[in-house]
Student: 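Mind having a look at this structure? Questions to follow.
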Amino acid sequence: MTVVLETKNLVKKFGGFTATNDVSLKVERGARQALIGPNGAGKTTLINLLTGVLEPTGGSVWLEGEDITRLPSHQRVRRGIVRTFQINQLFAELTPLQSLALTVSNQLGISRRFWQPLGRDARVAERCDTLLRQFHLDDVMDVQVAHLAYGKRRQLEIATALACSPRVLLLDEPVAGVPEGERQEIFDIVNALPADVTVLLIEHDMDLVFNFARTVSVLVNGALFAEGPVQAIANDPRVKSVYLGEGTPHG
Ligand code: ADP
Ligand code: MG
């Protein structure tokens with residue numbers, strides 16, 4: 001198997017507090033890998049280090065054998081490390097079609113003219129069409145984001161990330177804050193992501209983790225606590241005691 005994304009002895013300190021503690025993590029091509037751990041374990045911090053939102057205090061980040069530790073965020077996106085955020089970051093006034101047209105135009109290197117409607121280019125329209133269907137957004141493609149159900153907004157976030165043609169897609173709690181009744185649709189979408197896209201998913205919902213992941217990495221207090229096939233992790237008494245047994249965590 002080929003390792004796509006790797007961290008070596010990654011450390012992040014906030015003042016005297018160690019949020020990421022000597023993490024050496026490997027993500028293989030085409031992985032369906034989940035990153036779990038109690039609230040405050042350092043999951044989001046790790047994603048921020050992988051995407052270049054934060055600079056590490058020590059250690060390194062590698063993409064397909066290349067040291068990208070000092071590479072700024074936008075250059076990592078261009079190289080295919082794309083994330084969704086835990087908090088909604090969509091433009092409220094745009095519709096799903098417009099939002100996707102914007103991203104797809106950018107991807108295709110088509111400079112947008114403000115006096116032209118978004119998505120007029122045939123290639124853009126076709127790609128948007130596919131994404132809207134794939135992410136179950138075709139029925140709401142002309143509804144302003146501000147008026148979308150929360151679950152649909154999350155679906156649009158994932159669609160937008162996929163529109164960036166990621167090699168590695170990092171999903172930070174895609175169902176966080178989504179009402180129970182809207183979760184299954186997001187589960188389905190996450191499970192149906194293209195097989196050639198490597199996916200690292202942070203999630204608290206164990207149903208989603210166990211349905212989606214083949215590999216699970218457990219973070220506790222900033223450090224990698226356990227790692228392995230999903231069934232082994234589910235049955236690991238140490239993992240149960242620190243994480244699965246603690247009730248319903250949030251964050
Ligand atoms: P998780 O996503 O696993 O819930 P986080 O990565 O968000 O955890 O946070 C890990 C720890 O690092 C928490 O204790 C949090 O308060 C701390 N932390 C995160 N970001 C910052 C920051 N910018 N400054 C100071 N402390 C932070
Ligand atoms: Mg988090």
Side-chain angles (χ1 to χ4, degrees), residues 5-27 31-61 69-70 72-73 76 81-90 150-151 153-154 157-158 160-161 166 168-179 183 186-187 190 199-210 212-213 215-228 230 233-234 236 238-251:
L5 192 60
E6 182 173 7
T7 69
K8 294 181 185 172
N9 307 104
L10 207 57
V11 174
K12 180 65 188 177
K13 293 187 179 175
F14 295 112
F17 176 78
T18 305
T20 306
N21 189 0
D22 199 28
V23 171
S24 297
L25 182 84
K26 285 181 181 172
V27 183
R32 291 292 179 267
Q33 189 160 339
L35 187 61
I36 69 171
N39 190 21
K43 303 180 297 296
T44 298
T45 302
L46 185 58
I47 298 287
N48 285 334
L49 293 168
L50 292 173
T51 52
V53 171
L54 289 173
E55 256 199 61
T57 312
S60 53
V61 181
T69 314
R70 304 286 157 218
S73 257
R76 296 192 202 195
I81 304 181
V82 179
R83 64 146 356 136
T84 60
F85 286 84
Q86 204 171 344
I87 312 293
N88 257 290
Q89 289 200 322
L90 301 165
Y150 193 70
R153 273 186 257 171
R154 307 246 55 175
E157 283 177 333
I158 306 172
T160 306
V168 183
L169 184 59
L170 306 167
L171 301 172
D172 193 350
E173 300 195 29
V175 298
V178 174
R183 288 184 168 209
I186 297 178
F187 285 14
V190 168
V199 187
L200 181 64
L201 167 95
I202 297 182
E203 192 45 63
H204 273 309
D205 191 310
M206 285 304 141
D207 287 338
L208 178 52
V209 169
F210 292 132
F212 161 82
T215 312
V216 178
S217 306
V218 187
L219 271 187
V220 177
N221 294 329
L224 213 48
F225 177 80
E227 196 166 43
V230 64
I233 293 296
D236 185 332
R238 292 186 321 138
V239 173
K240 280 185 191 161
S241 67
V242 295
Y243 184 57
L244 301 174
E246 73 166 15
T248 316
H250 296 283

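Note: hydrogens, waters and symmetry copies are ignored here, and every other heavy atom, side chains too, is used. Numbering of ligands and ligand atoms starts at 1, following listing order.
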Student: Could I get the full list of side-chain contact (heavy atoms from CB on, under 4.5 Å) partners for D22, not counting sequence neighbours?
Tutor: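 Once residues adjacent in sequence are excluded, the partners of D22 under the side-chain contact (heavy atoms from CB on, under 4.5 Å) criterion are N9.
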
Student: Output all residues satisfying side chain to side chain donor-acceptor pair (under 3.5 Å) with E6, sequence neighbours left out; order by chain, then residue number.
Tutor: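 Side chain to side chain donor-acceptor pair (under 3.5 Å) check on E6 returns nothing, list empty.
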
Student: For L219, does its backbone N or O pair with a side-chain atom of K43 as donor and acceptor, under 3.5 Å?
Tutor: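 Checked: no pair found.
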
Student: For G40, is the nearest heavy atom under 4.0 Å from an atom of ligand 1?
Tutor: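 Per 4.0 Å heavy-atom rule, G40 contacts ligand 1.
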
Student: Consider side-chain contact (heavy atoms from CB on, under 4.5 Å). Of L46, L50, V199, V82, which one does L170 pass it with?
Tutor: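 Only one of L46, L50, V199, V82 forms a side-chain contact (heavy atoms from CB on, under 4.5 Å) with L170, namely L50.
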
Student: Taking R154 for its side chain and G177 for its backbone only, find out whether a donor-acceptor pair lies under 3.5 Å.
Tutor: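 Not at all, since once roles are kept as given, no pair shorter than 3.5 Å links the two residues.
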
Student: Under 3.5 Å, N or O to N or O, is F14 touching ligand 1 that way?
Tutor: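 Looking only at distances, the answer is no, because the N/O contact criterion of under 3.5 Å is not met.
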
Student: Under 3.5 Å between some N or O of ligand 1 and some N or O of F17?
Tutor: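 F17 vs ligand 1: no N/O contact under 3.5 Å.
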
Student: Please check: side-chain N/O of T7 versus main-chain N/O of V23, any donor-acceptor pairing under 3.5 Å?
Tutor: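 Yes, T7 side chain to V23 backbone: donor-acceptor pair under 3.5 Å.
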
Student: Can you find an N or O of G42 that's nearer than 3.5 Å to an N or O of ligand 1?
Tutor: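 Yes - when backbone and side-chain N and O of G42 are compared with those of ligand 1, one distance drops under 3.5 Å.
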
Student: For T45, counting its heavy atoms only, list the atoms of ligand 1 lying under 4.0 Å from any of them.
Tutor: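 Per the distance check, 5 (P), 6 (O), 9 (O), 10 (C), 19 (C).
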
Student: Using a 4.0 Å cutoff against the non-hydrogen atoms of A19, which atoms of ligand 1 qualify?
Tutor: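 What qualifies from ligand 1 is 12 (O).
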
Student: List ligand 1 atoms under 4.0 Å from N39, heavy atoms only on the residue side.
Tutor: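 Answer, ordered by atom number: 4 (O).
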
Student: At less than 2.8 Å, would any N/O/S atom of T44, backbone or side chain, sit next to the Mg ion (ligand 2)?
Tutor: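 Yes, T44 qualifies, because one of its backbone or side-chain N, O or S atoms lies under 2.8 Å.
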
